[in-house]
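Input: a single structure, listed below in structure tokens.
Proteins get letters first, then strands, A, B, ... in listed order; numbering begins at 1 in each.
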Protein chains: 2
Amino acid sequence: MSKHDYLKVLKEKGLKLTVQRRKIIETLHQLDGRMSARDIYQELQKKNPNLSLDTVYRNLRLLTEIGLVHHIPLPSGAVFELSDDGQHHHHLVCINCDKVSCIAYCPDLSGFSSYADSEGFKVLGHIFEVYGQCSECRNDNKQRIVD
Amino acid sequence: MSKHDYLKVLKEKGLKLTVQRRKIIETLHQLDGRMSARDIYQELQKKNPNLSLDTVYRNLRLLTEIGLVHHIPLPSGAVFELSDDGQHHHHLVCINCDKVSCIAYCPDLSGFSSYADSEGFKVLGHIFEVYGQCSECRNDNKQRIVD
DNA sequence: TTCTCAAATAAGAATATTACTATTTACATC
DNA sequence: GATGTAAATAGTAATATTCTTATTTGAGAA
């Protein structure tokens, strides 16, 4: 998704295109990685010392709600990434080194949603993250055992 | 799982049966609901004013790691519940009123885990929570629209 | 029972995240 | 372009969670 498309989506949702909001998206877009709220705050504060940390958190929450941004809870704290396509996906997270990989698997809730709906509960979304140990950290562990 | 069983599991894991640890489990057991770290802290502080809030957080994290306790992230903050059987399960959470129901569905990661393992990644666990709107909150919304 | 020591705690500092409120701003309408 | 208004921001306070370190304690060994 291009930078322009993000701004279009915001407009479609009736949200204002504030400078701060644009900058947050641009930062995530340009640095093209996963950043914490504080990372983004520190980056943007270089140009705008008046920026409020709350504004970063508030917008990240908003952008997450409308699906433009993914919130990834890591053992060491939350990071955020831009959504490529407006669709969500899930992650494989190493509990040792915090490395994150995207995965294609998504729990199939279609059957469950119908059931829940018949019980009056409207399913609106889900969070799903897989935790484990990456190959590098596994190798490190083996080496340590040998030592 | 009885109170005694929890203490047995702790012992098996080589963890100390501290007074604070026992009290945290007993509180979750007796009040038999879902409580925030602060709820538990405030309850236990009545009897032990020296109790540290950090101790509550630290033990809830530990108990969650070994599977005796479930951590449930709600929009308004995290709550904890004792695990009935040492097995995990997932929840349906109303984003309006924070009501929580347990659900039987659990994402099937067996195939994915084998694949991940062949790539060097050892899957150790996952988090999964379903969000939506409960029947009561849906009805409230309808009424508001009619008004 | 006493001793020993790693594990756990208390206390407080540090960090993360959210809430509150007065002021500012995007943007639709004129 | 000027104006009205609701949404968004800055600044700050409040709350949630984690970290650091000196002290205490559970539990095994003597």
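Scanning residues 49-73 of chain B for heavy-atom distances under 4.0 Å to DNA chain C yields B:Asn50, B:Leu51, B:Ser52, B:Asp54, B:Thr55, B:Arg58, B:Asn59.
Looking at A:Arg34 and A:Asp98, no side-chain N of the basic residue comes within less than 4.0 Å of a carboxylate O on the acidic one, giving no salt bridge. Using a 4.0 Å cut-off between a side-chain N of Lys or Arg and a carboxylate O of Asp or Glu, A:Glu43 and A:Lys23 do not qualify as a salt bridge.
For the pair A:Arg21 CZ and C:dA26 P, the computed distance is 11 Å after rounding to whole Å. To the nearest angstrom, C1' of D:dG26 lies 10 Å from NZ of B:Lys11. If you take CD of B:Gln20 and P of C:dA7, they are 17 Å apart, rounded to a whole angstrom. Remark: P of C:dA28 and NZ of A:Lys16 are 10 Å apart, rounded to the nearest angstrom. In this entry the distance linking CG of B:Leu17 with C1' of C:dT9 reads 15 Å, nearest Å. Regarding A:Arg38, its CZ atom lies at a distance of 14 Å from the C1' atom of D:dT17, rounded to whole Å. Look at CG on B:Leu10: it is 10 Å from P on C:dA8, rounded to the nearest Å. One interatomic measurement links the two molecules: NZ of A:Lys13 to P of D:dA8, which rounds to 14 Å at whole-angstrom precision.
Residues satisfying the salt bridge (Lys or Arg N to Asp or Glu O under 4.0 Å) test with B:Asp39, not counting sequence neighbours, are none.
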Inset, instruction - Take B:Ser52 and B:Asp54, measure what side-chain hydrogen bond (donor to acceptor under 3.5 Å, both in side chains) needs, and give me the verdict at the end. - result: CA-CA 5 Å; B:Ser52 167; B:Asp54 178 54; 4.9 Å; no
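Across the interface with DNA chain D, nearest-nucleotide mapping of B:Thr18 and B:Gly77 shows B:Gly77 to be the residue nearer the 5′ end.
Relative orientation of the B:His91 and B:His89 rings is perpendicular, given thresholds of 30° and 60° on the angle between their planes. Using the six-membered ring where Trp is involved, B:His90 and B:Phe128 have ring planes that are perpendicular, over 60° apart on the 30 and 60° scheme.
Among the heavy atoms of the strands, none lies under 4.0 Å from A:Ala37.
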